[in-house]
Amino acid sequence: GAVVSQHPSRVICKSGTSVKIECRSLDFQATTMFWYRQFPKQSLMLMATSNEGSKATYEQGVEKDKFLINHASLTLSTLTVTSAHPEDSSFYICSARAGEWGSYNSPLHFGNGTRLTVT
Amino acid sequence: AQKVTQAQTEISVVEKEDVTLDCVYETRDTTYYLFWYKQPPSGELVFLIRRNSFDEQNEISGRYSWNFQKSTSSFNFTITASQVVDSAVYFCALPPSSGTYKYIFGTGTRLKVLA
């Protein structure tokens, strides 16, 4: 149980284009999903918290117009990297909490991640 | 403030050796949980275990064992008879404290198991 599916796993795009990454909870409902970015050999950096039916909460320093997050249903959140540039190249990982009513003590379950390369 | 420290950046062992990954945490909560995750080279973070602060008994699951000591604020992870497939980055984490929403991850320990 508690499977999170993230798609695509790899994407290469040209500078200036937009890329959409999907994150789905397959066997549970997720009112909250988290989007992380991970640089090589570093820990996870929280970008934003995605709440179903409301606006995402972005971390300090994360441009909300650059990284558009939509959480339209209890099983789907999307991250769109708009007008991507080479510095946006990174590993993006989504996660969701599968606990009773989203208990804060529930572990996060992660998608497989998306490796974005902007040329 | 919530904090997780994994002082070991990288560890290399030879296959079949035992290895212990350290995790030291800080939390203002009196009741709390701790997690360990594994991130293999493929990138996906795999949830390994959740322990709560009420239970300081060691947990064993196959070759994995966890030692939780509240007195030293540590939650260490031991792999017995390591295998090449254990090569990964391991993260220790705290769930959000009351009134917050962020999970706190350590910086991770990269384990290399050599054949």
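In what follows, chains are A, B, ... by sequence order, proteins preceding strands, each numbered from 1.
For A/Ser95, no part lies under 4.5 angstrom from a heavy atom of chain B. Neither the backbone nor the side chain of A/Gln6 comes within contact range of chain B; no heavy atom of the residue lies under 4.5 Å from a heavy atom of that chain. In this structure, chain A has a heavy atom under 4.5 Å from the backbone of B/Thr100, while its side chain stays farther away.
Pairs of residues two or more places apart, or lying in two chains, that qualify as salt bridge (Lys or Arg N to Asp or Glu O under 4.0 Å) and include a residue from residues 8-23 of chain B are B/Glu10-B/Lys112. Applying the ring pair (Phe, Tyr, Trp, His ring centres under 6.0 Å) test to every pair with at least one member in residues 58-90 of chain A, sequence neighbours left out, gives no pairs at all.
When only modelled atom types and interatomic distance are considered, B/Asn67 and B/Asn58 share a side-chain donor-acceptor pair under 3.5 Å.
Residues A/Ile69 and A/Ser50 form a side-chain contact, since some pair of their non-hydrogen atoms from C-beta on lies under 4.5 Å apart.
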List the atom pairs, donor and acceptor, that lie under 3.5 Å between side-chain atoms in residues 39-47 of chain A and the rest of the protein, sequence neighbours left out.
| unit_1 | atom_1 | unit_2 | atom_2 | d |
| --- | --- | --- | --- | --- |
| A/Ser43 | OG | B/Gly106 | O | 2.7 |

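B/Phe75 and B/Trp36 have tilted rings, their planes meeting at an angle from 30° to 60° on a 0 to 90° scale. By the 30° and 60° cut-offs, the orientation of the rings of B/Phe105 relative to B/Tyr103 is tilted.
Contacts with chain A (heavy atom to heavy atom, under 4.5 Å) involve these residues of residues 38-54 of chain B, listed by number: B/Gln39, B/Ser42, B/Gly43, B/Glu44, B/Leu45, B/Phe47, B/Arg50.
Your options are B/Pro96, B/Ala93, B/Gly108, and the one with the most heavy-atom pairs under 4.5 Å with chain A is B/Pro96.
Within 6.0 Å of CD1 on A/Ile12 lie no more than 12 heavy atoms contributed by other residues, nucleotides or ligands.
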